[in-house]
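Notes follow the structure.
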Amino acid sequence: MSRLRVEQISYLIKEQLILKQFSLTMGSGLHVVLGANGAGKSTLLSLLAGDLKTHTGRVEIDDKSVADYSLRELASRRAVLTQENPFGFPLSVREVCGLGCLEKNNSEKLINEVLDHFQLSNFASKKFNELSGGEKQRVHLARIFCQQTDFLFLDEPLNHLDIQYQLMMMKLLKDYASKGKVIVCVLHDIQLALRFSDSISILKKGELIFQGELKGFSEESDKQILSNALSDAFDINLEIDKEGLLRVLV
């Protein structure tokens, strides 16, 4: 079942075509968008979340156009993490996480559970602005999880995170997606995308050059198609070996 549907969307900025017309569908699962800088990944994510309006085509969440959702309805359906999340208020970590709670009933229990999952319990009373970049990123991600929506749109959620927290985050996202949620995230780490995602979409200069599920993605011909798409997108020779590991060919 496709919970997220994109039909022939395109997007322009000052008459410049940022995203060229394409379609795709996504069901429940963890979906990763890959591509070089300037490929249109962040723009696509904003269109999927309903924060930008398409020039042509439409985006549907559960068979309803995102343009037809009210802001309140969208807030209850999807949560969004952008690359830049400036926050100047002197709030504690717990208070920042609480901003994501749409329902105040049992919110304290939810916050405690999320803080524990993100290994932030010891920071709960600490001021957010006193944290390191990686700690702030984990708090923002915890806030997103407190929103408890069916759809998550995450732009570079691993920014500033050390490797152990990158792995922790990917495992949390994978687990959340397994509960029938739809998670679309932009990543730069191709290896983590191959390891954890259910499907991969690859953009190049606003075009969708690859979109496919990775379940059962074991045939050499399938790996070659994906390797070629990655090599094309990043303008470098890449291959996926028999173990599913990405290698750069020098």
### Query
Is any side-chain heavy atom of Phe196 closer than 4.5 Å to a side-chain heavy atom of Leu167?
yes
### Message
Nearest 0.5 angstrom please: Phe210 CZ to Ile200 CD1, how far?
### Response
7.0 Å
### Task
Classify the ring geometry between Tyr176 and Phe145 as parallel (under 30°), tilted (30 to 60°) or perpendicular (over 60°).
tilted
### Task
Kindly give the cluster partners of Leu71, where membership spreads through any ILVMFWY side chain lying under 4.5 Å from a current member.
none
### Query
Just how far is it from atom CD of Glu7 to atom CZ of Arg5, taken to the nearest 0.5 Å?
6.0 Å
#### Entry: Test log, rule side chain to side chain contact (heavy atoms under 4.5 Å, CB included), inputs Leu226 and Leu214
CA-CA 10 Å; Leu226 179 53; Leu214 296 188; 4.1 Å; yes
### Contact summary for Ile111 and Gly98, nearest pair of heavy atoms
CD1-CA, 3.6 Å
### Task
Could you tell me whether the side chain of Ser178 reaches within less than 4.5 Å of the side chain of Leu30, counting heavy atoms only?
no
### Message
Any non-hydrogen side-chain atom of Leu48 less than 4.5 Å from a side-chain atom of Phe151?
### Response
no
### Task
Please say which of Leu45, Val33, Leu152, Val32 ends up in a side chain to side chain contact (heavy atoms under 4.5 Å, CB included) with Cys185.
Val32
### Message
Please find the pair of heavy atoms, one from Thr25 and one from Ser2, that lie closest to each other, and give the distance.
### Response
CB-OG, 3.5 Å
### Task
To the nearest 0.5 Å, tell me how far Ser197 OG sits from Leu34 CG.
7.5 Å
### Query
If you measure from NZ on Lys41 to CG on Leu19, what distance do you get to the nearest 0.5 Å?
11.0 Å
### Task
Please collect all salt bridge (charged side-chain N to carboxylate O under 4.0 Å, His left out) contacts where either partner lies in residues 80-95, sequence neighbours excluded, each pair once.
Arg94-Glu108
### Side chain Ser28, main chain Gly180, donor-acceptor under 3.5 Å
yes
### Query
If you look only at pairs with a residue in residues 16-33, which of them pass as a salt bridge (charged side-chain N to carboxylate O under 4.0 Å, His left out), with sequence neighbours excluded?
Lys20-Glu207
#### Entry: Of all pairs that satisfy salt bridge (charged side-chain N to carboxylate O under 4.0 Å, His left out), the ones with a partner from residues 124-147, not counting sequence neighbours
none
### Query
Could you go step by step and tell me if Leu4 and His31 meet the side chain to side chain contact (heavy atoms under 4.5 Å, CB included) rule?
CA-CA 11 Å; Leu4 181 65; His31 309 278; over 6 Å; no
### Task
Among residues two or more places apart or on two chains, list those pairs meeting side chain to side chain donor-acceptor pair (under 3.5 Å) that have a residue in residues 46-55.
Asp51-Arg78
#### Entry: Heavy-atom side-chain contact between Met169 and Phe118 under 4.5 Å
yes
### Message
Counting neighbours of CG on Asn122 that are heavy atoms of other residues, nucleotides or ligands and sit closer than 6.0 Å, is the number greater than 12?
### Response
no
### Task
Check Ile209 against Asp232 and note the closest heavy-atom contact, atom names and distance.
CD1-OD2, 3.9 Å
### Rounded distance (nearest 0.5 Å) linking atom CG of Leu192 with atom CD of Gln166
6.0 Å
### Summary
The side-chain contact (heavy atoms from CB on, under 4.5 Å) partners of Ser125 (sequence neighbours excluded) come to none
### Message
If the condition is salt bridge (Lys or Arg N to Asp or Glu O under 4.0 Å), which residues does Lys14 pass it with, not counting sequence neighbours?
### Response
none
### Query
What heavy-atom pair brings Leu115 and Ala124 nearest, and what distance separates the two atoms?
CD1-CB, 4.0 Å
### Task
Please tell me if the side chains of Leu158 and His188 come closer than 4.5 Å, counting only heavy atoms from C-beta onward.
no
### Task
For Arg77, look at atom CZ and say whether over 12 heavy atoms of other residues, nucleotides or ligands are found less than 6.0 Å away.
yes
### Message
Hydrophobic cluster membership, with links at side-chain heavy-atom distances under 4.5 Å among I/L/V/M/F/W/Y: are Ile236 and Ile225 in one?
### Response
yes
### Query
Do Ile13 and Phe22 share a hydrophobic cluster (ILVMFWY, side-chain heavy atoms under 4.5 Å, transitive)?
yes
### Query
Can you pull the salt bridge (charged side-chain N to carboxylate O under 4.0 Å, His left out) pairs that have at least one residue in residues 153-176, sequence neighbours excluded?
Lys174-Asp198, Asp175-Lys179
### Query
With a 4.5 Å limit on heavy-atom distance, are the side chains of Ile9 and Leu44 in contact?
yes
### Query
What are the two closest heavy atoms between Pro157 and Leu141, and how far apart are they?
O-CD1, 3.4 Å
## Note on the structure
Sorted by chain and number, sequence neighbours left out, side-chain contact (heavy atoms from CB on, under 4.5 Å) with His117 holds for Leu172
### Glu239 (side chain) donor-acceptor with Gln224 (main chain) under 3.5 angstrom
no
### Derivation of the side chain to side chain contact (heavy atoms under 4.5 Å, CB included) call for Val139 and Phe123
CA-CA 9 Å; Val139 174; Phe123 296 91; over 6 Å; no
### Task
State yes or no: do Leu17 and Leu203 share one hydrophobic cluster built from I, L, V, M, F, W and Y residues joined by side-chain heavy-atom distances below 4.5 Å, directly or via other members?
no
### Summary
Closest heavy-atom pair, Ala177 versus Gly29, reported as atoms and distance to 0.1 Å, is CB-C, 3.5 Å
### Message
Test of understanding: with side-chain contact (heavy atoms from CB on, under 4.5 Å), list the residues that count as partners of Gln191, not counting sequence neighbours.
### Response
Asp189, Leu194, Leu245, Leu246
### Task
Look up atom CD in Gln147 and atom CG in Leu99, then write down how far apart they are to the nearest 0.5 Å.
10.5 Å
### Task
Not counting sequence neighbours, which residues clear side-chain contact (heavy atoms from CB on, under 4.5 Å) with Ser23? List them please.
Gln8
### Summary
With sequence neighbours left out, the residues meeting ring pair (Phe, Tyr, Trp, His ring centres under 6.0 Å) with Tyr11 are none
### Query
Do the two ring centres, one from His160 and one from Tyr165, sit under 6.0 Å apart?
no
### Message
A side-chain contact here means heavy atoms from C-beta on lying under 4.5 Å apart; do Gln148 and Leu102 qualify?
### Response
no
### Main-chain N/O of Gln211 paired with Ser201 side-chain donor or acceptor, under 3.5 Å
no
### Query
Would Met168 and Gln119 count as a side chain to side chain contact (heavy atoms under 4.5 Å, CB included) if you check the C-alpha gap in whole Å, the side-chain angles of each, and the deciding distance to 0.1 Å?
CA-CA 10 Å; Met168 179 192 77; Gln119 299 180 24; 3.5 Å; yes
